[in-house]
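For reference, the structure is listed below as structure tokens.
Remember, it's 1-based here, ligands and their atoms both numbered in the order they're listed. Bear in mind the structure is a predicted one, so any value in this text is a computation, not a measurement.
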Amino acid sequence: MRVGFIGLGIMGKPMCKNVLKAGYEVIAYDRNIEVIEELKEVGVKSALNPKEVGENCDVLITMLPNSPHVKTVLFGENGAADGLKPGSVVIDMSSINPVESKNIAKTLAEKEIYLLDAPVSGGEPKAIDGTISVMVGGNKEIFEKYYDLIKSMAGSVVRVGDVGAGNTTKLANQIIVALNIAALSEAFILCEKAEVDPQLVFEAIRGGLAGSTVMNAKAPMMIERDFKPGFRIDLHIKDLQNALDTSHSINASLPLTAQIMEILQALKIDGKGESDHSAIVNYYEKINNITVGKK
Ligand code: NAD
């Protein structure tokens, strides 16, 4: 099975390396030439554009920021869909609006190309370890055929429904993560104001009901004041915008999501769009005139 890979950023690069390590032949493209050069050194073949990737693979994996990028790569000038043969499959692992996943699937189906929407959770460390969680939407037989390929990048791979269901699940994930980080930030502000050490609070409560994967990953970053991404605030704004757009289009109301969206927006205006989302604590610090963690 020849695998194409387009989008070799924070997540895509290590994921691509894991596919290669599992023994698949990989041809890749990214508009960032430097990353292509790096991957060539470990045995990935390079292509000049998405179309050339499509012409030389049976299954194409995309890991791009948002739906406009996915559409450009698939349907733009020299797009991959012009190179892919009928019967081939696109596994889009980008986090995008589920309505767009369905639109993309429809356009691909006109060429007898099939889509799995397969966004991921876990961040860069898990992408490197090959332990990300993948939530997949799409046809069951196609899912089963490509399960081993997806598993070569992942700790868990679960089919959650038809096309679009993967990205709906990802939106649910992103709502839970953002609100957890905000809750942790609020709690740490309270502790700082009360002159109780957040590090000791973290150690005391991490094993109890409030403990979580989010807390274990983000509390040390807040305390050390290390806001290097990780997962950028700009990308989380994109996800919550997709969540709100989706919820409005299906008559759902998400009041807390709307509120955390405005906090992220304020951070972006304050020049923190490139910071890790653990920098949500910076918003609380500003309105409380206090700093959490290391002084
Ligand atoms: P990134 O910005 O680091 O990488 C995106 C890559 O796509 C870049 O290398 C860029 O050059 C390439 N690209 C963009 N447009 C292109 C085009 N038209 N042609 C070719 N290449 C193009 O982003 P990332 O952090 O790797 O995230 C990718 C996706 O995964 C996003 O949807 C994000 O929300 C999701 N995600 C990220 C994380 C994380 O922790 N970073 C975790 C889970 C999911």
Side-chain angles (χ1 to χ4, degrees), residues 4-18 27-39 44 46-54 60-81 83 91-98 100-101 104 117-136 150 153-156 166-167 169-178 181 213-214 217-218 221 227-243 264 273-279:
F5 210 116
I6 302 181
L8 305 158
I10 293 179
M11 298 295 287
K13 182 172 79 172
M15 287 162 63
C16 179
K17 283 185 179 172
N18 285 330
I27 178 160
Y29 173 76
D30 191 289
R31 62 184 178 190
N32 173 2
I33 310 236
E34 276 169 36
V35 70
I36 289 286
E37 290 305 319
E38 185 186 331
L39 285 175
V44 170
S46 72
L48 287 175
N49 53 45
K51 186 177 176 190
E52 195 184 330
V53 177
L60 170 66
I61 297 171
T62 46
M63 190 51 169
L64 296 154
N66 202 1
S67 52
H69 310 82
V70 178
K71 288 200 260 189
T72 301
V73 157
L74 291 177
F75 308 122
E77 200 186 339
N78 285 320
I91 305 176
D92 180 31
M93 305 190 78
S94 328
S95 307
I96 71 171
N97 187 323
E100 291 290 359
S101 295
I104 291 167
D117 66 312
V120 317
S121 172
E124 189 185 20
K126 289 186 178 239
I128 293 169
D129 292 354
T131 56
I132 47 175
S133 302
V134 187
M135 41 220 98
V136 188
I150 302 172
M153 298 172 266
S156 90
N167 270 305
T169 307
K170 175 66 184 178
L171 294 181
N173 183 83
Q174 292 308 80
I175 292 169
I176 294 166
V177 170
I181 298 175
T213 309
V214 171
K218 301 303 171 184
M221 293 179 78
F227 300 116
K228 180 175 161 288
F231 190 74
R232 289 185 282 118
I233 281 179
D234 279 342
L235 282 178
H236 217 137
I237 288 176
K238 178 262 301 180
D239 288 335
L240 296 190
Q241 188 63 57
N242 285 338
L264 291 171
E274 293 287 320
S275 297
D276 185 74
H277 52 177
S278 55

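- For atom 27 (O) of ligand 1, the choice among I36, L235, I10 with the nearest heavy atom turns out to be L235.
- The backbone and the side chain of L64 each have at least one atom closer than 4.0 Å to an atom of ligand 1 (non-hydrogen atoms only).
- For atom 43 (C) of ligand 1, the closest heavy atom belonging to the protein is V120 O, 3.4 Å.
- Ranking protein heavy atoms by distance to atom 36 (N) of ligand 1, first place goes to F231 CE1, 3.9 Å.
- Atom CG of N32 and atom NZ of K13 lie 9.0 Å apart (nearest 0.5 Å).
- Comparing heavy-atom distances from atom 35 (C) of ligand 1 across S121, G79, S95 singles out S95 as nearest.
- L60 CG to I6 CD1: the interatomic distance, rounded to the nearest 0.5 Å, is 5.0 Å.
- Checking T62 against D92 by side-chain atom types alone, a donor-acceptor pair falls below 3.5 Å.
- Of the N or O atoms in N66, none lie within a sub-3.5 Å distance of an N or O in ligand 1.
- The shortest N or O to N or O distance between G123 and ligand 1 is not below 3.5 Å.
- Here is the list of ligand 1 atoms found below 4.0 Å of a heavy atom in K170: 43 (C), 44 (C).
- An N or O contact shorter than 3.5 Å is missing between M93 and ligand 1 by distance.
- Around atom NZ of K126, no more than 12 heavy atoms belonging to other residues, nucleotides or ligands sit under 6.0 Å away.
- One finds the CZ atom of F5 at 6.0 Å from the CE atom of M153 (value rounded to the nearest 0.5 Å).
- Salt bridge present: K17 and E38 bring a charged side-chain N and a carboxylate O closer than 4.0 Å.
- Protein heavy atom closest to atom 20 (C) of ligand 1, with residue, atom name and distance, is R31 N, 3.4 Å.
- Between D117 and K170, none of the side-chain N atoms (NZ, or NE/NH1/NH2) sits under 4.0 Å from a carboxylate O, so this pair counts as no salt bridge.
- Scanning the protein for heavy atoms near atom 34 (O) of ligand 1, the closest one is K238 NZ, 2.9 Å.
- The pair E100-K71 counts as a salt bridge, with a side-chain nitrogen and a carboxylate oxygen less than 4.0 angstrom apart.
- Of the protein's heavy atoms, P65 O, 2.8 Å lies nearest to atom 32 (O) of ligand 1.
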task = Could you walk me through whether M11 and V120 pass side-chain contact (heavy atoms from CB on, under 4.5 Å), step by step?
result = CA-CA 9 Å; M11 298 295 287; V120 317; 3.7 Å; yes
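- The shortest N or O to N or O distance between M11 and ligand 1 is under 3.5 Å.
- Atom 19 (N) of ligand 1 has V73 CG2, 3.6 Å as its closest protein atom, hydrogens excluded (heavy atom only).
- For atom 11 (O) of ligand 1, the closest heavy atom belonging to the protein is D30 OD1, 2.7 Å.
- For a threshold of 3.5 Å applied to N or O pairs, the pair formed by N32 and ligand 1 contains no separation below that value.
- Close approach of ligand 1 to H69 is summarised as follows: ligand atoms under 4.0 Å from at least one heavy atom of the residue are 15 (N).
- A distance of 12.0 Å separates CD1 of I132 from CD of E124, quoted to the nearest 0.5 Å.
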task = Give the intermediate values and the outcome of side-chain contact (heavy atoms from CB on, under 4.5 Å) for residues D276 and K218.
result = CA-CA 9 Å; D276 185 74; K218 301 303 171 184; 3.1 Å; yes
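- The shortest heavy-atom distance from H236 to ligand 1 is not under 4.0 Å.
- Between F231 and H236, the ring-plane angle classifies as perpendicular under the 30° and 60° cut-offs.
- Listed by number with element, the atoms of ligand 1 under 4.0 angstrom from any heavy atom of L8 are 9 (O).
- Ranking the protein heavy atoms by distance from atom 2 (O) of ligand 1 puts R232 NH2, 3.2 Å first.
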